[in-house]
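Written below as C-alpha cells is the structure these notes are about.
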Amino acid sequence: MVEIIKNLCPEGKYAIKCPFLMTPKRIVIHNTANDAPAENEVNYMLSRPGEVSFHFAVDDEKIVQGIPLNRNAWHAGDGQGKGNLEGIAIEICYSLSGGEKWLKAVNNAAELTAKLMKDYNIPIELVTKHQDYSGKNCPHRILDEYGWENFLNLIRKYVGEKPNTEVEVVTAPDVIYAAHFLKGNWLSDVTNYNDVNYNGYAGIVGKAIDGIRARLTKGNIVYRVHTVGGKYLDWVRNLDKAQAGYAGLYGYNIDGVQMYLENLPGFAVEYRVAPVGKPYLAWVRNYKDNDPNGYAGIYGKSIDRIQIRIVKI
C-alpha cells in the first residue's frame, strides 16, 4: 500500500472538527469533486473554519490522514447519525476530471479500505457511500462512471474475498468543443464542462457565436445549429480543428443548438447556451426527431456561450 502521511487535527480544533470519541464501525466513501492532491485536501479541511472534516484523503501517490480514528468527523450529512459518529471518512482525490490519476486513487482507496476493514473488523456490508446518509450524489464519479459494485469488488480483492460477478467499467468519453465568434476566430478547445469548473464553456461573454465544433474520444456526437432569422443548418459529426467542417455559417449569428449521441449506449449529451450577455438557459438533453424540447436557445436571440457534458443514464 502507498505511504500514509499523518497531518492530524490539532487538539485545539477538536471541538469543531471531531468533538466526539468514536469506535469505527463503518467506512464512508466520498469523491472530492476537484483535482487537488491529498495533502492539499487535508490542509484545506484543517484550515477552514467550518465543521466539515474527514479522516483520510487518498490520491494516486499517497494517503494523508487528517482526523484521528478514535474521533468522529463531519462528512456524511446526517448530523449525529451513524455516518458521522461511526464512520471512517475516505475522500478520493482527482474525481473532478477523472483519468489515470483518479483511477490510481480509487485503487489506493480500495486498498486502504481493506486494511481498515481488517483493523476494525468492519464487514463489506458496512462499506458505504456518502449518498446512503444524506442522499447526495457522492462518491459521484464512482456512482456515475466507475460503478459502486466494481469498487466493492476491488476492495474484496484486497481483503482476499471472491469478487461478485464482474461488472464492466464503462467510462464516459471526453467531449471536446470550441466556438467561433462573429468576425473573429476559433477559440481554444474546452473539455468536459462540469458543475465545479464553471469556466468550462466555449465562447466569449458579449461576442455572438457563428460556429461550433465538437468531438468525442469515443462514439459520435451529432449536432446542428439554427441561425438568427434563418433555419437549421446541416447535421455534422465529430468535427475538430483538423477538419474543414463545422456547424454554422461564418457571419451569421447562432440562436440555438441541437445535439444527440450515436454508438454510445448508456450515455446522453446535455448542453446549454447563453444569449449574448445573459445567464445560461436550462440544460437540454439528447435531441430526438420532432422533439421541441431538444433545442437549446431562444429563436431570434444570438448566443455567446455553450456548455456541453456527457452524462451516464
Side-chain angles (χ1 to χ4, degrees), residues 137 144 172-184 186-217 219-241 243 245-313:
N137 185 39
D144 296 343
D174 291 329
V175 56
I176 303 163
Y177 56 103
H180 187 278
F181 64 91
L182 189 67
K183 298 180 180 178
W186 282 102
L187 301 172
S188 298
D189 284 340
V190 176
T191 302
N192 291 347
Y193 165 82
N194 55 71
D195 291 329
V196 178
N197 179 17
Y198 295 109
N199 291 321
Y201 66 88
I204 297 176
V205 178
K207 291 185 177 292
I209 289 172
D210 63 3
I212 62 171
R213 63 186 181 217
R215 69 187 190 274
L216 301 180
T217 51
N220 294 321
I221 183 169
V222 186
Y223 53 100
R224 67 179 180 176
V225 301
H226 188 276
T227 58
V228 175
K231 61 181 182 179
Y232 282 106
L233 303 179
D234 292 338
W235 292 99
V236 295
R237 284 172 172 78
N238 283 356
L239 295 177
D240 62 30
K241 59 189 175 184
Q243 298 173 281
Y246 66 99
L249 189 61
Y250 291 147
Y252 291 84
N253 292 7
I254 293 169
D255 61 13
V257 180
Q258 293 176 325
M259 294 184 164
Y260 64 91
L261 301 181
E262 289 181 332
N263 303 321
L264 204 62
F267 294 94
V269 58
E270 291 185 342
Y271 48 102
R272 67 179 181 178
V273 301
V276 175
K278 302 294 184 181
Y280 285 101
L281 303 176
W283 287 100
V284 175
R285 175 180 289 192
N286 274 13
Y287 167 80
K288 297 178 182 178
D289 288 342
N290 301 316
D291 177 6
N293 295 319
Y295 164 79
I298 300 174
Y299 291 131
K301 302 286 187 181
S302 300
I303 65 173
D304 62 10
R305 285 156 287 159
I306 182 170
Q307 294 177 320
I308 309 172
R309 63 189 181 190
I310 307 301
V311 297
K312 192 171 183 179
I313 56 175

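As the structure is a prediction and not an experimental result, all values here were calculated from the model.
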| task | To the nearest 0.5 Å, tell me how far E270 CD sits from I310 CD1. | result | 9.0 Å
| query | Going from CZ on R309 to OH on Y177, what distance comes out if it is rounded to the nearest 0.5 angstrom? | reply | 10.0 Å
| task | Fit a plane to each ring of H226 and Y299, take the angle between them on a 0 to 90° scale, and name the class: parallel (under 30°), tilted (30 to 60°) or perpendicular (over 60°). | result | tilted
| message | Donor-acceptor check, side chain of N238 to backbone of G219, threshold 3.5 angstrom: yes or no? | response | yes
| query | Hey, what do you get for OH (Y295) to CZ (R224), rounding to the nearest 0.5 Å? | reply | 11.5 Å
| query | Would R237 and V222 count as a side chain to side chain contact (heavy atoms under 4.5 Å, CB included) if you check the C-alpha gap in whole Å, the side-chain angles of each, and the deciding distance to 0.1 Å? | reply | CA-CA 5 Å; R237 284 172 172 78; V222 186; 3.6 Å; yes
| said: To the nearest 0.5 Å, what is the distance between OH on Y271 and OH on Y280? | reply: 16.0 Å
| field | Side-chain (R305) to main-chain (K278) donor-acceptor, under 3.5 angstrom | value | yes
| Side-chain heavy-atom pair H180, Y246 within 4.5 angstrom cut-off | no
| With a 4.5 Å limit on heavy-atom distance, are the side chains of I308 and V269 in contact? | yes
| remark: Between P275 and K301 the two heavy atoms that sit nearest each other are CB-CB, 4.5 Å
| Nearest non-hydrogen partners of I209 and A179, listed with the distance | CD1-CB, 3.9 Å
| said: In the structure I gave you, are the side-chain heavy atoms of I221 and L261 within less than 4.5 Å of one another anywhere? | reply: yes
| task | Measure the spacing between CD1 of I176 and CG of D189 and express it to the nearest 0.5 Å. | result | 6.5 Å
| message | Angle between ring planes, W186 versus Y250, binned at 30° and 60°: parallel, tilted or perpendicular? | response | perpendicular
| said: If we ignore hydrogens and angles and just use 3.5 Å, is the side chain of S302 paired with the main-chain N or O of V276 as donor and acceptor? | reply: no
| said: Contact between V257 and I306 at the side-chain level, heavy atoms closer than 4.5 Å - yes or no? | reply: yes
| message | Evaluate M259 against I212 for side chain to side chain contact (heavy atoms under 4.5 Å, CB included), listing each step before the verdict. | response | CA-CA 12 Å; M259 294 184 164; I212 62 171; 4.1 Å; yes
| A247 backbone acceptor or donor facing Y223 side chain under 3.5 Å | no
| message | N253 vs T227, test: side chain to side chain contact (heavy atoms under 4.5 Å, CB included). Steps then yes/no. | response | CA-CA 6 Å; N253 292 7; T227 58; over 6 Å; no
| field | Nearest non-hydrogen partners of P173 and L264, listed with the distance | value | CG-CD2, 3.5 Å
| Would you call the rings of Y260 and Y287 parallel, tilted or perpendicular, where under 30° means parallel and over 60° means perpendicular? | tilted
| message | If you define the side chain from C-beta out and look only at heavy atoms, does anything of Y252 sit under 4.5 Å from D210? | response | no
| request: Might you point out which heavy atoms bring A178 and L187 nearest each other, and give the distance in Å? | output: CB-O, 3.7 Å
| message | Return the CG to CG distance between N220 and N263, rounded to the nearest 0.5 Å. | response | 5.5 Å
